[in-house]
Amino acid sequence: YHRNWGAALHDAAEGIHRPLLATVLVLSDDDTGERLRALFTVDLGWLRQREMAALLDRLRAGTGLGEEDLVFTLSHTHAAINLDLERVAEPGGQHIEPYLAALPHLLLEAYTAARAAVVPVDLSFGSGRCSLALHRDARDEERDIFVCGPNPGGPSDDTVTVVRATDDDGNVIAHIINYACHPTTLAWDNRLISPDYIGAMRETVETATRAPCLFVQGTSGDLGPVRGFVGDTETADSNGRQLGHAALAAIEALPLPAHQWSYRDPVVSGATVGAWQWTPLAAARRKATRAFDSRTVSVSLEHRQLPSHEELDAGIADWSTRQQQARSAGDEEAIREARARIERLHRLQRLVEAAPSSGRIDYDIRLWRLGEAVFVLVGGEPYQQLQVNLRRRFPNTSLVIVELCNRPHSYLLPRDRYGIGLYQEEVCVLAPGCLEAVETAAAQALSDWNLT
């Protein structure tokens, strides 16, 4: 079942553009393996709370890891298979339950292989720039509405964070690429299963480096590709190569393992030249790079008031009638809009059903410290403000900031983006102030480690 877009006129996929992959990272503080962490990444768009909870239970049982040490995240490709259990009767839906049943086994197989391959490594962190992503809260002035699409005048974080792992012999073991951009190159006209731009990005990096590449999605609530919402898979591949080459440039600029580029002395030549060279890290700094710590911070966030069941049922009935009328008239565009409106209302229904009776949710932020860097692992889809502000507040710490971790997606918007007619607010379950509260809690946790 492949219908991820309300405007799509098909339900079942008609082929495969590139395979969907799972990549698992296992971290250990030393050779004993007494302290392990695992990051599971998959080329999927989303899972509902019920399916996510069941998967996490299976992974924890299979690995023996606790909630703080196991994270499952999604690349968020919108061209993957749709695993909504309510769609099992739809064309292609017969594959949903078998796939969900097989997924834990596949992930644990990858975990076992990664665990067996653990070796001592040096981790080097760096960053580059890529113009693939663009702000996507765009104003249609003619129609006086906001649309979810490229907004050239808006803020666009272009940071690509790269991590290189090398073994004691200097061999590259793997790369991690962290970038914030909705994988929405492929949209309603695409009928092929695809990891979107991530597939070609991964291929570009792995072909050049001959090492596995793990991708983690940054906080991309308001970021999407400049060239997106198309049915052309070559555009997705071009977007992926663009990011892949940007990542390779950042990888090329990384230091030698366990070394830093240091001033040596002046050399008298045509000018008196300041000569630099690679020097081993000092003992104190090498000790600092061995830090291996973690913590989880929980923030209580207010749940937003959503439409009632009655309002949503009435809307679905109205648009269903319009869809029937459009089919009778053979009006394809009217059919497309009606299907999209019904889909949006069905998704809102599920959000209403999942609303907590307390009116609040506990939102967990996991932080994994690896030497002079920290993985900040958050749920939902925060706006780019979260990663931009955290990196600004901690400029001397490499931050790998990952969204969609261990919980279904809800947007986290800045307070000033509510009430202006954005799609992200329509499907957001959290009240104004949620993003600011998460940023404050994450920043306090980083400060508690005396990071700068």
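The first residue of the sequence shown is numbered 1, and numbering continues consecutively from there. No hydrogens, no waters, no symmetry mates; every other heavy atom, side chains included, goes into these values.
Under a 3.5 Å cut-off, the side chain of Asn239 and the backbone N or O of Arg227 do form a donor-acceptor pair. For the pair Asp196 (side chain) and Leu186 (backbone), a donor-acceptor distance under 3.5 Å is present. Listed for the Thr41 side chain is a donor-acceptor partner under 3.5 Å among the backbone atoms of Thr23. Checked by atom type and distance alone, the side chain of His135 never pairs as donor or acceptor with a backbone atom of Pro152 at under 3.5 Å.
Using a 4.5 Å heavy-atom threshold, the side chains of Arg18 and Ile198 count as separate. Looking at heavy atoms from C-beta onward, Leu367 lies in side-chain contact with Leu446 at the 4.5 angstrom threshold. Contact annotation: the side chain of Gln217 never approaches that of Asn178 to less than 4.5 Å [non-hydrogen atoms, C-beta and beyond].
Trp5 does not carry Arg339 over the face of its six-membered ring by the limits of under 6.0 Å from the centre and within 45° of the normal. The cationic group of Arg37 lies under 6.0 Å from the six-membered ring centre of Phe292 and within 45° of the ring axis, placing it in a cation-pi geometry.
For the residue pair Ser294 and Glu68, a side-chain donor N or O sits within less than 3.5 Å of a side-chain acceptor on the partner. For the residue pair Ser298 / Asp364, a side-chain donor-acceptor distance below 3.5 Å is found, with atom types taken as modelled. Between the side chains of His10 and Arg3, no donor-acceptor pair is found at a separation under 3.5 Å. Side-chain contact annotation: Asn82 with Glu90, donor-acceptor N/O pair under 3.5 Å absent. Judged purely by distance below 3.5 Å, without hydrogens or angles, the side chains of Arg391 and Thr161 pair a donor atom with an acceptor atom.
Of the inter-residue distances, the one linking Asp313 atom CG with Glu310 atom CD reads 7.0 Å to the nearest 0.5 angstrom. Rounding to the nearest 0.5 Å places CG of Asn389 at 4.0 Å from CD of Glu439. Between Ser447 atom OG and Phe394 atom CZ the span is 3.5 Å, to the nearest 0.5 Å. Atom CZ of residue Arg341 and atom CG of residue Asp318 lie 11.0 Å apart, to the nearest 0.5 angstrom. A distance of 6.0 Å separates CD in Glu381 from OG in Ser220, rounded to the nearest 0.5 Å.
The side-chain contact (heavy atoms from CB on, under 4.5 Å) test with Glu51 singles out one residue from Asp84, Leu56, Leu85, Leu83, and that residue is Leu85.
The pair Arg139-Asp144 meets the salt-bridge criterion, with a side-chain N (NZ, NE, NH1 or NH2) lying under 4.0 Å from an Asp/Glu carboxylate O. The residues Asp43 and Arg202 are annotated as salt-bridged, a charged nitrogen and a carboxylate oxygen being separated by less than 4.0 angstrom.
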